[in-house]
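Data block below; observations after.
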Amino acid sequence: LRPMTLHEIMQQEIRPLLAVDIIEQLHRQFALLSGGRGKDGSPIITFPEFSGFNEVSDEDFVNVVTYLTSIPSMDAASIGFIIILDRRKDKWNSAITSLARIAGCFPGNLQLVLVLKPSRLLQRAIADVSMRLHRDDFKLKVPVRMLLSVWTLNLHGYIDKGQLTCDLGGTLDYCHSQWIHHRTAIENFALTVKSTAQMLQQFGTDLAETELPNDVQCTKDLLITHTEKHDKLKDELKLAIKQGNTLLSCIKDQASKTESHILNPDEVENQTTAERLLAQLDETENAFEQFWSRHHLKLEQCLQLRHFEQDFREVKVSLDGLTETLLGLSDTGDCVAQVEHLLGDLKTLEDKESLEKAQLHAQHGDQLIQSNHYAVDSIRPKCVELRRICDDLSNEAKKKRDILTKSLEIHKRIDESGVYLLASQAVDRCQTQEGAEAALQDIERYMNSAKEQQLSHLKDLSNQYEIVLSEWVKVQMKRITMFEKRHASLKKLSAKQTRPVQPVAPRPESSPKRTLPKIPHHTAPSNFFVLPFLNSHIMNELIETERLYVEELQSIIEGYAAALDDPELIYLIPPSLENKKEVLFGNLPEIYVFHQKTFLKELENSVEKPELVGTCFLKRKEELQIYEKYCQNKLRSEALWRQCGDSMFFQECQKRLDHKLSLDAYLLKPVQRITKYQLMLKEMLKCSKNSEGTAELEEALATMLDIIKSVNDSMHQIAITGFEGNLNDLGKLLMQGSFNVWTDHKKGHSKVKDLARFKPMQRHLFLYHKMLLFCKKREETSDGHEKSPSYSFKHSLKMSSVGITENVKGDIKKFEIWYNGREEVYIVQAPSMEVKNTWVSEIRKVLTSQLEACRGISEQTSLNSPFTQTRSTKKLVTNYPGENMIQLPRKVFSSSEDRSPLCADPAPLTNPAWRQRITSL
């Protein structure tokens, strides 16, 4: 026989034997597991009479016996097996050989071996003699009972007849071929269940790791591919369930053949195994379908999002073109026909489908949001932007229409007023009394008709819209005002006494024509009048948007916040909103009061002098910090809105206010407003170069940018977790940002130091006046919404013991931060040179301010105690004071070439080199 290879032995250890592996050996039927049990529940393995037993190879024998012992449950196998060795028709030597073979390689726990001795007289006599001679040997190996027959006093005395097969005188119904069929079917079904579960698990892993595409077609293809794979796996799962049900029905049919048939323990275990495998399949199917439904929903929502984004881009391009066309449309004209033509063009623009498409697309976005789409935070800003553009277009169109309508009215009144009368009157006619009287009558006739035409109203219109009137119209309006002067002059001429004059032939006059006076040319630069006009225009826009902003804040407070206390609406308030007014609205009432009572009035007082607007912002620098508190609460407000934003309460309030947008869009107004101020200040600065108020505008712009930065930094600060102290005690947050950080400490194992040099850590740094925090940025997702960062506190450095090295060899974007005389060194790599320079500059300012503070303390000490100046100064350097005293660092900052302490002198403030270092800062 061929010995087993090492690979085969390893495979046998890894995978348990199956019936299909030894199907030929099982069919030889030299060992059986009939399903019978001993009185204590021990499984019975029968070795029936088999003439070729000694010809069975050791490998086949071991495989069959190992397989049979692996079938009973662990509880039954732990009791021990009972072996029945039937050798009634064989020789005693064969029985002894079989017994020794069983005792030598039986893999299970043996409880009892029952040997049916040969029934022939000679063989029985040999067996008796052999047993007397070798009884002790058998006792040492296995418990053996030699039996003469199967009847009551022999085999039936040990095992009940109901647990023995017919050939052993029992009543147990056993069919070996059927037993093999059931075993192979159960094992095949178990393999099917295992492979199906693995396929489903692999498919689920592939789905979970799939990145969502960024375009419509790829998303469609991915959805089709995943759906086809799901359907294929679903079919295989159905086939596996069908296979299991068929197997279970076959096992149950065997029990129902006769009313008296009772399943033996092995058959019961087969039925239990089949039911357990079916239950596993059912659980796997349910879990898989739940996962698939979520994944399929996400794919469908992704496809909806890609369609929405694609349509948004198309609509946005169309709206941008429409905006450009509208802004390029003139709002002035020189005649009625031209103004009417402009009004026609404006109406054509308003009738275009772009605006309607944009509104419909925004409504589609609202529907996606209401359907709990996973990309709500991406869809909502686009809807807001579309509506904003539409509102801007509508407002701009309305503004142009109003101007063109008034301009058309002015043109028509000019045409009807007879303004050309003055130009048609010949000058020589007015030199005689008769000619003056005739001209006077024309003038008086015109002035009488002018009253009916309400020329005063015409003048008011022209004064109101003087900015947008063309030069030709302005000239005609000036001519209208000349009627009174001409009337007075002609009245004087007609009242003079007549005297004889020699008639002189008049100089031939050409037919009267309407001539326009020449507009004088100015030598001033072309923007002499344009810049003040633009500044005034921006100022008007600032004030108008400020008034609108105040009105919107008022509508939020009166229409929503106050409605929470309205008895008529209490029943509509969702439970999640109760006692949460401050969470939803934050300090919005405080912002409203400030703008309505203070800031708006001050801006309105500056309308005639736009150059003073910078002073308004500088004067209210501290009050504008209230936006920091509002923005810090914004995340809590948005989370609460997501819980109850679709309630009937908010729908009723929105209906009462006749708002087109829901409350969350209006709660975003303060954030938008605080960021828009700096844009308007920048535009005013462009138009106010080298003029009065420029310095104040520049300072106001810097102030607003600092406020926006402070608000942004505070949003990051509130996300810091794990810091045991009070962040408010660290002073003002100056800077924050993400960096690569290497550590190089004197303390610790050298291998740790070497490893730290080459493996950077991702750290988010927060620079305060008193401390530098090292945090680890984490992305957290809540309720399926956009990820929000949090910062897990890792380490901190007191700024009183910090120094910096501005340049590190090998990378211009790196700089060093060291602590306590370079006991701890942190090599920081910035994302860009600009970021590095900003951080180094800010740290330099902090350290310099500390040095100046220490110098002030030193000077004060020297004044109070002139005899201990050197001692007190030395104490500031060498000792570490308590928290109430500012500590002078031993080393502040250096270049990469000079790493020696800059404060080694006991009295550094009197050291010339140290003073030179401070001066160079």
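These figures come from a predicted structure and were not determined experimentally.
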> Considering all heavy atoms of both residues, which atom of F106 and which atom of L110 are nearest to each other, and what is their separation?
Replying inline: CD2-CG, 3.6 Å
> More than 12 foreign heavy atoms under 6.0 Å from NZ of K634: is that the case here?
Replying inline: yes
> Which pairs, with at least one residue in residues 177-203 and sequence neighbours excluded, count as a salt bridge (charged side-chain N to carboxylate O under 4.0 Å, His left out)?
Replying inline: R183-E187
>> Show the nearest heavy-atom pair for residues I79 and D40, with the distance to one decimal.
In response: CD1-O, 3.4 Å
> Distance only, no hydrogens: is a donor on one side chain within 3.5 Å (strictly under) of an acceptor on the other, for S662 and D664?
Replying inline: yes
>> To the closest 0.5 Å, what do you measure between OH (Y374) and CG (L368)?
In response: 11.0 Å
>> Main chain of I82, side chain of Q111: is a donor-acceptor contact present, judged purely on distance under 3.5 Å?
In response: no
>> Assess, by modelled atom type and distance only, whether the side chains of H156 and Y158 contain a donor and an acceptor separated by less than 3.5 Å.
In response: no
>> Less than 3.5 Å apart, any donor N or O on the side chain of E309 or N214 sitting next to an acceptor on the other?
In response: no
> When you measure from the side chain of T69 to the backbone N and O of T66, does any donor-acceptor pair fall under 3.5 Å?
Replying inline: yes
> Within the distance-only criterion (no hydrogens, no angle test), does the side chain of R306 pair as donor or acceptor with the backbone N or O of Q301 below 3.5 angstrom?
Replying inline: no
> Roughly how far, to the nearest 0.5 Å, is the OG1 atom of T192 from the CD atom of Q243?
Replying inline: 4.0 Å
> More than 12 foreign heavy atoms under 6.0 Å from NZ of K234: is that the case here?
Replying inline: yes
> Is a side-chain donor or acceptor of D21 paired with a backbone partner of L17 at a separation under 3.5 angstrom?
Replying inline: no
> Between H764 and F739, is a ring pair (Phe, Tyr, Trp, His ring centres under 6.0 Å) present by the stated rule, with each step listed?
Replying inline: CA-CA 6 Å; H764 201 90; F739 299 88; 8.0 Å; no
>> Quick check against the 3.5 Å criterion: does H176 have a side-chain atom that pairs as donor or acceptor with the backbone of L26?
In response: yes
> Under 3.5 Å, is there a donor-acceptor pair between the N63 and Q25 side chains?
Replying inline: no
> From F649 CZ over to L663 CG, what is the distance, rounded to the nearest 0.5 angstrom?
Replying inline: 9.0 Å
Taking only distance into account, with no hydrogens and no angle test, what donor-acceptor pairs under 3.5 Å do side-chain atoms of residues 218-230 form with protein atoms, sequence neighbours excluded?
residue	atom	partner	partner atom	Å
T219	OG1	D215	O	2.6
D221	OD1	Q217	NE2	3.1
T225	OG1	D221	O	2.9
H226	ND1	H295	NE2	2.9
T227	OG1	L223	O	2.6
H230	NE2	E289	OE2	3.1

>> Counting neighbours of NZ on K794 that are heavy atoms of other residues, nucleotides or ligands and sit closer than 6.0 Å, is the number greater than 12?
In response: yes
> Minimum heavy-atom separation for S576 to C644, with atom names?
Replying inline: OG-CB, 3.5 Å
> For residues Q370 and D366, is any side-chain donor paired with an opposing acceptor at under 3.5 Å?
Replying inline: no
>> Looking at every heavy atom in both L33 and P72, which two are closest together, and how far apart are they?
In response: CD2-CD, 4.1 Å
> Taking atom CD of Q201 as the centre, does the number of heavy atoms from other residues, nucleotides or ligands within less than 6.0 Å exceed 12?
Replying inline: no
